[in-house]
Every structure is written in structure tokens, then in C-alpha cells.
Engineer: 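Submitted below is the structure of interest, expressed as C-alpha cells.
Keep in mind that what you see is a predicted model, and the values were worked out from it rather than measured.
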Amino acid sequence: MKLTAKWITAPENPGMGAVTYRRGFSIQKPVKKATLNASAMGIYDPRLNGQKVTTSVLNPGFTSYKKRVQYQSYDVTALLKADNLLELGVGQGWAVGEMAWVGNNHFFADHPSVIAWLDIAYADGTSQQIITDASWEIWSSPVLFSEIYHGETIDLTAPIEKIANAVIDSTVKSKLVPQDGEWITEHERLAPVELIHTPAGETVLDFGQNMTGYVEVKIQGKRGSKIVLHHAEVLDKDGNFYNANYRSARNEMTYILSGGVDVFKPTYTFQGFRYIRIAKFPDMELDMNCFRAVVVHSDMKRTGHFTCGNEKINQLYHNIIWGQKSNYLDIPTDCPQRDERLGWTGDAQVFCRTGAINYDVAKFFHKWLGDVALEQDRQGAIRGIVPNCLPQNNSRISAGWGDAACVIPWEMYLAYGDKKELKKNFPLMKKWVEYIRHTGPNEYLWLTGHHYGDWLATDAGGEITQGATSNDLIATAYFAYSTDLLVKAGEVLGYDMDDYRQLHRNIKVAFRDYFMENGMPREEYPCTEILDHPSDTIRRGMTQTALLMILHFDLCHEDERPAIIDKLVELIHVYGDRMSTGFLGTPIILHVLSDNGHTDLAYKLLMQEQYPSWLFSVNHGATTIWEHWNSLKEDGSFWSTAMNSFNHYAYGAVFDWIFGVASGIKPMAAAPAYKEFTLTPHPNKCLGFADNSIESRHGLIRSYWYYKGDTVYYEFTIPQGVTAHLRLPSGYTETLTGGTYHFAE
């Protein structure tokens, strides 16, 4: 059936509130099937005859709205009556509301609009289509204010009345595409664990878990009385409510009671929080059981599970899982709470392997990578966030961030083995490599640009965000890495990759000539990029991260490797057996150590509890991963409010080392999706035991080891039709096929 539906909007912009588009219609004969299709520039809430037609929320999701917008399809057959009322509530959402910290209002569209078509197939073989057009009416709604960052005001005493008739909206030029990603849905419901009366005299509820979603309130009180809620992730050192790190995002929910039994929760927004401050409440006793925190994220299937004998590592894993749930809300966001919540490409690429262990994220990344490809410019450049809603001067093209174009498609192929998906993303990968190749005066070195560097590394001191490592070194190392991944992808797809194999060889030669001397990185390099700190005029080569990248990306000769790893170990010891790495160095440090004979030191870093370390935040009560190693400092003070999230997942990438090295499960490119994998566990008494499993495309894989005295016992489960190449620490090897196996040594 040809689509004749039109985008419709209000003749006058309704402002910050939500409105409802209505259309009545009658059914005269038996219906075989009825399917509602709908989308919006904004967020829409579909209802038929007063009933919600979906359990999904925040539709149509977050896409590159100037390029494409999803529509969703719902089977509404069971909701039809003889006389029907179809309603679409519409709020500003991502497309129209404020985006990012730069005050970008209306980045994708300057007003909300909606499109829908209801396909009705009758039992007699005829059909009918109800479409959005100028016959629809626009009515007010109880939602008087709604904005992604700032929250929602719902007034159940507000009159519901007709405002106007809809008008055709000819301004929407975006391509309308079927639902491409996972549905966004509600998940756990958390009861508050404590009612707190703070030293400042405020009333605060603690839900015990930092999360993404919203609070539902069920209450009966005096008509017109008001509830006002504010959200926070932490309390300050005095036990007072603290949300200065939310920056301009107000995260304020205002509910005005009808006088009956009311159930309040937002429709067009979400928050990141653990605590709520009850700023206003009806003149009645506060009952904690009126409140529930509702967890919201993309509806991904959980595939990975882990537990061990160390409770702090178990808490770290818990924090990693909740960080992923909090930030995999339709796109891979950086954080869910402040005036950001954006698809940062660097965070996404360093965590994607861990993400694909914990959950089935194939469809999630299929959708997001589609937007990455749409936003790649003609030269192949990819900016720091996707969908991009930043002015050009606020949006960098950075190594380690844009390289998501190559890293994520390859990691998804290893995890799921989908050649069609790899082929779809191959042009994205190739254009990115070509962009780097031609972005500066040297074809084999990346010495230009404004990079994020080893973001939030501690080795530059103070509050310099980019770390001390030369950004030119990092950029060229990632140039080599992405080129290598492009070659591997092309080989899988059967393409002629000779040109890119030679390019990779030339990058490695140029890297050594420019950045290394006598088998080691040079001590210092002039900074060739735009500076974001006045003292940031020299970047170093002799840092933990520089050595890690040389080793991990295979940028040295083999005979140089022992001296480089010795130097890395020395720098770790000099730093008090701690890391000094940031967003790019941290995800690879344990891998480099274990790959080069220092698994014991890798375990020592994993178990380190002094700042900077993974367990520092655990010891300070974290329930998700922090943005900074010291988001909360030892003295109880906070990192700068300019950029301090307590729910950032990037450092949670450490779990792919726990999974791939401690438990030993690694997929193989020759037979991806764990059809064939290496099984090389590295037990250590500091964990006591480790029980790790993943529901792969070919069945459940499990690696379990535990100690009795000094003897290690192993239990492995291999699915039928799958091959595991086992190597135990003693050097014993065996090829395992479907079944359960027991070993001891």
C-alpha cells in the first residue's frame, strides 16, 4: 500500500509542553489485522482508545535526525472497536530540545511534528489506511513542560481542550526508515532503600543504585498539591544532596495531583540518578513505598555472566554491567545525567568488546553504526559524537574516537560473525583510513588535528584532561591499528588488500623513524595541535600509554619488545604499582602486560586500591563506573563540576581482560562468533575462583576455575559443534569439542 501519510505539526509552536494529535474513525466490518506505524521529530506516545499500544518508550529513538528518523510498527488489532480514537502525544525529545552543554536548541528541528499511518486489513480482503493529514486535531495535554535535560511538568488538573487543527509540515526532509535498532524499554523497578534527612534539612530518597530511567510516583493527595523532585548521583562528604555535576541540566520533575489515585512518571525525558531530593510534597506523611525508580535502556539480551571469590571484583563487575545498562540507551552515550548524554565515539570503541560479552549488542551497534556512516563527511572524517549535535568548533575529529569506524565493525564481526554486517561497514572503515591518509602533509604519519589524546590520564598532572602522551604518537598508532583492521576485514570479505597491506607496513616504518630512537620512544615531542591548556606545549613519548600502544599495535621490531616491556614495567613500579593511563591507555594495559609475560603485574593493577585504580571507586561506594579515576577524591571533595560523571562506562573495558585472559575465552577471526576460540585461563589466588560464561551464537561457553590449596581445578563447557583450543598455565594443550571437561594442575 502506497504511503500517503504526511508530516503534520501545530500551526503555532506549542513551546516546551507536549500536545496530543487526535483522529477518530469507525470500523464497520471484521478486522483481520491492524498495524499502526508512527514516527516523530520529537518523542511520541501512541494510544488507541485510551490504551498504550506499546511497552517501548522514548520513540522514535535517537538518530541523525537531519539524515534519517525511525518509524515503529505496532499490532493494534486487539485494541480496535467500532468507534475509535487514535492519539499521538508529542514532546520535544532529542530532535527539538536542547542538546549538549553549548545551549544548542533546535539543532535537528525547530518544532515537533509527527507522522503516522494505520493499515487495516479486513477479513473480507479489503483494506483501509488512516493517515496523518490536516484533518487531525491538536489537543492540550497534562504535560506542560518537557525537555530531555531539564525534566517534565505534569499537571493532572490542567484542562484538556482542543488547541487547533494540524497543518502539513513540509520542513521535514529526513528519510523515514523502519525501526533499525533495539526497542527502548523499562526494566528493573527499584524500591528506595533509605529515607534521609540531610544535615541541610532536605528530604532525600536513596535507591541504592546509580542508574538511568525515571521515578514513578503512585499517590493520592489533595487536588492541586504539588510534588517536585530533583535528581543526583551522590551525596557530598557531609551527607547533603549534590547535583552540581549535572551542570545546566535541571533534571526536575514536577507533578500536580488530581485528587484521585495518581501514577506519575515522565513520557518524554529520562534521568541519570541514585538519589532524589523531594523539594515539595503534599501536606501528608511521606511513604517511601509511593516511589519506584524505573530502569530504562535498550532491550538487549544479557549474554555474559561472571562471579569470583573476591567481593570487590564482583562489585566492580556489577558496576560495569550497570554502567553499560545506563549508557546503552539507543545510542552508546557517555553519561546519562548531565547536559550531554551524547554518542561519544571514543567511549564506544574502547568498551565495545566488553559490551558484546555482557549483552547481545549486534542490533544496537547495527543501528548506531548506520548513523556513524551517515555522518561521515565526503573526506571520510568522523567527529567525536554521533549523532552529532555540536557546532564544528566544539566537535573534534580525533584519533581513538573516529577510529570507532574501524574498531567496532571488527569487534562486532569477532563477536557475531556476520559477514553482511562487516561488508555494510567496510566503506565506513575504508573512508576513515583514507581520511587519515590524506589529512596532512605526510601520508604515513598523522601529525595534524585537535585530538582528545589519552583522555583523563593522570600523567600530565593537575586538571589537564588530555594526558601527557604525544597526541601525534597516539594518532599515528591508531592510524596503523585502523589500517590493520581494514586489511583484516577486507581479507574476510575476499577483497584485494595489497595497497592497504603496504600502507600498514609504511606506517610502521614511518612511526619508528619519527617517534622512536634506539628502540625506544623519544622522550618529548613538540605539540603540533591546538592547545587546550597554556602549559601543554610539550607532549611526551616516554609514558605508560606510549609504550602500551607501541606494544599493543605491534609498532616495534620483535627484538625491541623485551626492552620496551621492561621500561613499561619500570614506569608502573615508579608510579607506585599503579596506572597513569586514561581512556585510550587503560583498556589495553592489562592485555599488554599479560601478552608479554607479566600477568602477575596485570593482576596487581587489577587489585590495586589506591588512586588511580578500578577498586578506588569501589572502596568509595560506587555502583557504576566513574568518569575520572578520582571523581570523588580521597578527602571527600569532588573533581571539577565542569566534567564529573559518576556513570561513565569507558574504564569498565577492563572486563574484556577478565573474560579473555583471567578466564581465557577469546574468539578467533578465522572462525568468529566463538565457533572456534582459544581457551587460555590465567588463574590467580587473589580472585579465589572465577566463573565466567557467555551465551554465544553457537551456545553456552563456560570457563570456571577454583583453588583447593595450591591446586587449580578447571571446569569448561563447550557447545556442540564448537572447537576450543585449550592451553593451561602448565603448558598442557588439548583441542576440546562439545561437552564438559575437568582438569587439575
Side-chain angles (χ1 to χ4, degrees), residues 58 62 92-94 97-105 107 146-152 207 209-215 229-236 241-253 266 268-277 293 295-297 319 322-348 351 384-391 394-395 452 455-456 463 465 583 617 622-633 637-652:
L58 301 172
F62 192 2
Q92 293 191 118
W94 295 282
E98 182 177 329
M99 293 303 298
W101 62 94
V102 292
N104 264 4
N105 285 313
F107 184 85
S146 181
E147 210 282 332
I148 287 287
Y149 296 150
H150 301 314
E152 212 161 280
F207 289 97
Q209 174 63 53
N210 203 4
M211 51 161 282
T212 298
Y214 35 71
V215 173
L229 309 177
H230 300 128
H231 299 71
E233 297 181 284
V234 293
L235 304 179
D236 70 15
F241 185 85
Y242 175 88
N243 64 355
N245 64 314
Y246 284 29
R247 301 189 304 211
S248 70
R250 294 198 303 273
N251 289 276
E252 180 178 86
M253 300 302 304
Y268 308 103
T269 186
F270 63 92
Q271 288 82 41
F273 66 99
R274 171 176 170 173
Y275 301 91
I276 59 168
R277 176 174 60 194
V295 178
V296 176
H297 57 77
N319 296 356
W322 277 89
Q324 180 173 356
K325 290 196 294 188
S326 297
N327 285 291
Y328 275 30
L329 194 158
D330 205 41
I331 65 169
T333 59
D334 57 324
C335 61
Q337 76 296 94
R338 68 188 180 213
D339 51 357
E340 202 161 342
R341 316 182 197 186
L342 303 175
W344 283 97
T345 51
D347 306 49
F351 187 81
I385 61 169
V386 175
N388 185 31
C389 53
L390 289 175
N394 289 100
S395 180
Y452 293 107
W455 191 249
L456 302 186
E463 293 191 357
T465 56
F583 274 34
S617 63
T623 61
T624 45
I625 301 297
W626 293 351
E627 180 174 18
H628 297 266
W629 290 118
N630 62 339
S631 285
L632 175 64
K633 298 181 181 180
S637 63
F638 297 112
W639 213 86
S640 167
T641 57
M643 189 182 67
N644 192 21
S645 161
F646 291 87
N647 200 347
H648 253 65
Y649 59 67
Y651 289 141

Engineer: Check step by step if side chain to side chain contact (heavy atoms under 4.5 Å, CB included) holds for T269 and Y214.
Structural biologist: CA-CA 8 Å; T269 186; Y214 35 71; over 6 Å; no
Engineer: Give a yes or no answer on whether the side chain of Y246 reaches the backbone of G272 with a donor-acceptor pair at less than 3.5 Å.
Structural biologist: yes
Engineer: Between W344 and W101, how do the two ring planes meet: parallel, tilted or perpendicular, split at 30° and 60°?
Structural biologist: parallel
Engineer: For F270 and P336, work out which heavy atoms get closest and say how close.
Structural biologist: CE1-O, 3.9 Å
Engineer: Under 4.5 Å between any side-chain heavy atoms of N243 and F273, yes or no?
Structural biologist: no
Engineer: Nearest 0.5 Å, what's the CZ-NE2 distance between F241 and H230?
Structural biologist: 7.5 Å
Engineer: Start with the C-alpha gap between N644 and S631, add the side-chain angles, then the distance that decides, and say whether side-chain hydrogen bond (donor to acceptor under 3.5 Å, both in side chains) holds.
Structural biologist: CA-CA 6 Å; N644 192 21; S631 285; 2.7 Å; yes
Engineer: To the nearest 0.5 Å, what is the distance between OG on S617 and CG on N630?
Structural biologist: 11.0 Å
Engineer: Just by distance, do the side chain of H297 and the backbone of S326 share a donor-acceptor pair under 3.5 Å?
Structural biologist: no
Engineer: Would you please name every residue forming a salt bridge (charged side-chain N to carboxylate O under 4.0 Å, His left out) with D339, sequence neighbours left out?
Structural biologist: R247
Engineer: Rounded to the nearest 0.5 Å, what separates atom CZ in F583 from atom OG1 in T465?
Structural biologist: 10.5 Å
Engineer: Nearest 0.5 angstrom please: W322 CH2 to N647 CG, how far?
Structural biologist: 10.0 Å
Engineer: Considering only heavy atoms from C-beta outward, does the side chain of L632 approach that of V234 to under 4.5 Å?
Structural biologist: no
Engineer: Show your working on side chain to side chain contact (heavy atoms under 4.5 Å, CB included) between Y149 and R341 and close with a plain yes or no.
Structural biologist: CA-CA 9 Å; Y149 296 150; R341 316 182 197 186; 3.7 Å; yes
Engineer: Shortest non-hydrogen contact from Y651 to E627?
Structural biologist: CE1-O, 3.5 Å
Engineer: If we check side-chain hydrogen bond (donor to acceptor under 3.5 Å, both in side chains) with T624, which of these qualifies: N210, N319, N327?
Structural biologist: N210
Engineer: Is any side-chain heavy atom of M211 closer than 4.5 Å to a side-chain heavy atom of T623?
Structural biologist: no
Engineer: Classify the ring geometry between Y649 and F351 as parallel (under 30°), tilted (30 to 60°) or perpendicular (over 60°).
Structural biologist: tilted
Engineer: Any chance you could lay out the side chain to side chain contact (heavy atoms under 4.5 Å, CB included) test for E340 and M643, step after step, and finish with the verdict?
Structural biologist: CA-CA 10 Å; E340 202 161 342; M643 189 182 67; 5.6 Å; no
Engineer: Just do the side-chain hydrogen bond (donor to acceptor under 3.5 Å, both in side chains) check on E233 and N245 with the steps written out, would you?
Structural biologist: CA-CA 9 Å; E233 297 181 284; N245 64 314; 2.9 Å; yes
Engineer: Give me the atom names and distance for the closest heavy-atom approach of I625 to G652.
Structural biologist: CG2-N, 4.0 Å
Engineer: Honestly, is R274 close enough over F646, meaning NZ or CZ under 6.0 Å from the six-membered ring centre and within 45° of the axis?
Structural biologist: no
Engineer: What's the shortest heavy-atom distance between S248 and H150, and which atoms?
Structural biologist: O-CE1, 3.1 Å
Engineer: Could you tell me which non-hydrogen atom of Y242 sits nearest to which non-hydrogen atom of D236, and how far apart they are?
Structural biologist: CB-N, 4.0 Å
Engineer: Under 3.5 Å, is there a donor-acceptor pair between the side chain of N251 and the main chain of Q337?
Structural biologist: yes
Engineer: Evaluate L390 against I385 for side chain to side chain contact (heavy atoms under 4.5 Å, CB included), listing each step before the verdict.
Structural biologist: CA-CA 8 Å; L390 289 175; I385 61 169; 3.6 Å; yes
Engineer: Locate the shortest heavy-atom distance separating S146 from E152; write the atom from each residue and the value.
Structural biologist: OG-OE1, 3.0 Å
Engineer: Please round to the nearest 0.5 Å and tell me the distance separating atom CD of E147 and atom CD of Q92.
Structural biologist: 6.0 Å
Engineer: Rounded to the nearest 0.5 Å, how far does NE2 of H231 lie from CZ of R277?
Structural biologist: 11.0 Å
Engineer: Would a distance-only check, ignoring hydrogens and angles, find a side-chain to backbone donor-acceptor pair under 3.5 Å from D347 to A650?
Structural biologist: no
